[in-house]
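Chain naming here is simple, since letters A, B, ... match the order of the sequence lines and numbering starts at 1 in each.
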Protein chains: 2
Amino acid sequence: MPPKGTMATIYDVARAAGVSPATVSRVFNGASVSDEKVAAVRHAAGQLKFTPNRTARTLRRQSSEVIALVIPDIENPYFTEMARGVEDVASEAGYSVVLCNSDAQLEKEATYLRIAVAEHMSGVILAAASDHSEIAELTAAGRPVVAVDRSIGDDVDGVVMANRDAGRAATVNLIEAGYRRIAHIAGPEHIETAADRADGWRRALADHGLAYDSSLLRFSTFRVDGGRAVMEELLALPEPPDAVVAGNNLIGVGAIQVLTEHGLTPPSVGVAVIGSLPFTTLSPSVVTVVRLPARHMGVTAARMLLERIGGDDQPARTVVLRGEMQAASVAR
Amino acid sequence: MPPKGTMATIYDVARAAGVSPATVSRVFNGASVSDEKVAAVRHAAGQLKFTPNRTARTLRRQSSEVIALVIPDIENPYFTEMARGVEDVASEAGYSVVLCNSDAQLEKEATYLRIAVAEHMSGVILAAASDHSEIAELTAAGRPVVAVDRSIGDDVDGVVMANRDAGRAATVNLIEAGYRRIAHIAGPEHIETAADRADGWRRALADHGLAYDSSLLRFSTFRVDGGRAVMEELLALPEPPDAVVAGNNLIGVGAIQVLTEHGLTPPSVGVAVIGSLPFTTLSPSVVTVVRLPARHMGVTAARMLLERIGGDDQPARTVVLRGEMQAASVAR
DNA sequence: TTGAAAGCGCTAACAG
DNA sequence: CTGTTAGCGCTTTCAA
């Protein structure tokens, strides 16, 4: 028996089963061992409540069956849905997922990435906090990385959305519903996702011969308070917009909150959101939504990462997924 | 230099700096080392991009600065908000948090708990999947556990809500607003949190001399679809309720969705929710909400856990936090 | 098929 | 203050 407050080791099991530690190890790793010894070992392990020490195994093997998923906002349902996708395929393959919240801060992100290599994690899926994310240490250590939601260089695998198309589709929908002065509340300008969606908005206006008014494009944060602040600004304009494209789900929530508070519930002001409105209690017919395949992105990223972990060595790929329009059915 | 695709070790650094491995270790662990050697070691470490191998450290120390937070639904903002609280306290204290999603399944939960001990995590904060959660292995291994949201036995630290009071307050508010036939959509009956809130509802009715109609109390899941399904059932009743108390935030969302779809937006049917409505776009004045201090629960739990990790040995405590009423201001 | 033995990278006595 | 040394628990040659 091992001392109290301590876990049993393969040595304890080996002694109890009358075999060598190596044999115990083999039993737990599927190597060939005679039936009788397998039985003896399993019995002893059961008695002693033996669980293999993953730390020791990891140290010895120089790798562990855990992958890290680093996201910028754990409170955003878009990312938790993505996490579900990652988790499902990972656990299917015997991997655990640890979720790390970078809080959109480069520094926190860097800390987690460092931990990922120092803990011998097999790989990381990264929704980057910015375009300056530093993955050099990871790749230097031979750890595969898959970028998700935002790409981080041509030489890194990625799973992204067709953001430009999503921005354009949302905007066009509003135009076709008869709105003419359409604002866009975008995420942070330096984030690719935000910039691309804004570009889609710009192009949609141009395609339809609508004038571009720079006061109608505003970069903000990808959070509710960002959406709120900008919506207030827009309403305070001498000539406020008659519709708005929200750059992500949370911005959409913030914008709708402010509109509601001003008695301008959609569709009296048109609203299109890039991303699904989380837990919405609105009638689906009043707001146009471009649903993003968050779960699917997670699934895809996890699959790619597992392939790389398995030794796949082809050149970096970027998978582009598309959003799905769900148009409002009532106009103003 | 270490071989390519491999990380530098303290031996590499020691050699480069002309000191012993122990000295390198000391530099990275704050033990006293002469200034010149510190400088030499830091320099060498920088050159070699040395990062201490956490796996080895953990194996040697038999403990790691990571704590696990096991929650039943990573997509519920209540739990992610709690996670934020945990994370803030933990990272302040130099701990990392890994988030594990048990999906409300005992089996998945058990797997994560097993991983927690096998990975030498310092402790776990557990929002239990059920009242049968098995933490014996953890405590046997001397790992502290703090229950959060739901208690799991008198001998385990816990942070819970005054659920009975919350249920009662929500119900009383509806009664005082003039509603008389008040239903309750509760979470799973076997979950303490749900049972207690239901109890509060029951008592509020009794206190105000309202008849108890068993068809108005329905246990469900703590999810949106649960709230939806039960709300539909309630509306199909020969004599439907004129108000409803939702057992948690997601149930509230589901119930309001269904009411909206039936053209019964609150306050035409009264709604009180135990828990904050996540990302709501409703006017705050139409729905009564008992705000739960999710973040604060996380903070408290993390502090308690860190104390235990630090060796605190007092008898198990349970901290009870209170919700905060935010009454609807418009009645029917 | 099995056992002995050598580490994985680090820390913590123990000397000096 | 610093170096030597012995493991933490496991996997994996290498022989038998």
Exercise. Could you state the atom-to-atom distance from CZ of R61(A) to C1' of dG9(D) in whole Å?
Key: 13 Å
Quiz item: What is the distance from CG of L59(B) to P of dC10(D), rounded to the nearest Å?
Solution: 9 Å
Quiz item: Across the strands shown, which category fits S34(B) at heavy-atom distances under 4.0 angstrom: base, sugar-phosphate, nothing?
Solution: sugar-phosphate
Quiz item: Between dA5(C) atom P and I10(A) atom CD1, what is the distance in whole Å?
Solution: 15 Å
Quiz item: Closest nucleotide of DNA chain D for A56(B) versus for S20(B): which of these residues is on the 5' side?
Solution: S20(B)
Quiz prompt | Closest-nucleotide ordering on DNA chain D, the 5'-leading residue of P21(A) and V33(B) | solution = V33(B)
Exercise. Starting from the C-alpha separation in whole Å, work towards a yes-or-no answer on side chain to side chain contact (heavy atoms under 4.5 Å, CB included) for V299(A) and D88(A).
Key: CA-CA 7 Å; V299(A) 166; D88(A) 291 349; 5.6 Å; no
Quiz item: So does T55(B) get a side-chain nitrogen or oxygen closer than 4.0 Å to the phosphate oxygens (OP1/OP2) of dG9(C)?
Solution: no
Quiz item: Is the count of non-hydrogen atoms from other residues, nucleotides or ligands lying under 6.0 Å from R223(A) atom CZ greater than 12?
Solution: no
Quiz item: Whole-Å distance between dC10(D) C1' and E119(B) CD?
Solution: 13 Å
Exercise. Check T80(A) against I74(B) and note the closest heavy-atom contact, atom names and distance.
Key: CG2-O, 3.5 Å
Quiz prompt | Candidate nucleotides dT2(D), dT11(D), dC8(C), ranked by approach to the side chain of R26(B) - the nearest | solution = dT2(D)
Self-check item: From dC8(C), dG3(C), dT11(C), nucleotide with atom closest to A22(A) side chain
Solution: dG3(C)
Practice problem: Name the nucleic acid region contacted by F50(A), choosing base, sugar-phosphate or nothing; use a 4.0 angstrom heavy-atom cut-off, strictly under. | Solution: sugar-phosphate
Practice problem: To the nearest Å, give me how far apart CG (N29(B)) and P (dG9(C)) are. | Solution: 17 Å
Quiz item: How about D149(A) and Y78(A): does a side-chain donor come under 3.5 Å of a side-chain acceptor?
Solution: yes
Practice problem: Mind calculating the distance between CZ (F28(A)) and C1' (dG9(D)) to the nearest angstrom? | Solution: 13 Å
Quiz prompt | Quiz item: R54(A) side-chain donor-acceptor pair to dG9(D) base, under 3.5 Å | solution = no
Exercise. Provide, to the nearest angstrom, the distance between the CD atom belonging to Q62(A) and the C1' atom belonging to dC10(C).
Key: 12 Å
Quiz item: dG9(D), dT11(D), dT11(C): which one has an atom nearest the side-chain heavy atoms of S25(B)?
Solution: dT11(C)
Quiz prompt | Nucleotide dC10(C), atom P - distance to NE2 of H120(B) in whole Å | solution = 16 Å
Quiz item: Considering only side-chain heavy atoms of V19(B), which listed nucleotide, dC10(D), dG9(C), dG3(D), is closest?
Solution: dG3(D)
Quiz item: Got a donor-acceptor pair under 3.5 Å from the side chain of R60(A) to the base of dG9(C)?
Solution: no
Quiz item: Between the side chains of T55(B) and E119(A), is a donor N or O closer than 3.5 angstrom to an acceptor N or O?
Solution: no
Quiz item: Side chains of S96(B) and E65(B): is there a donor and an acceptor less than 3.5 Å apart?
Solution: no
Quiz item: Base, sugar-phosphate, or nothing: which does T23(A) touch, judged by heavy atoms less than 4.0 Å apart?
Solution: sugar-phosphate
Quiz item: With a 3.5 Å cut-off and just heavy-atom distances, do the side chain of Y11(B) and the base of dC10(C) make a donor-acceptor pair?
Solution: yes
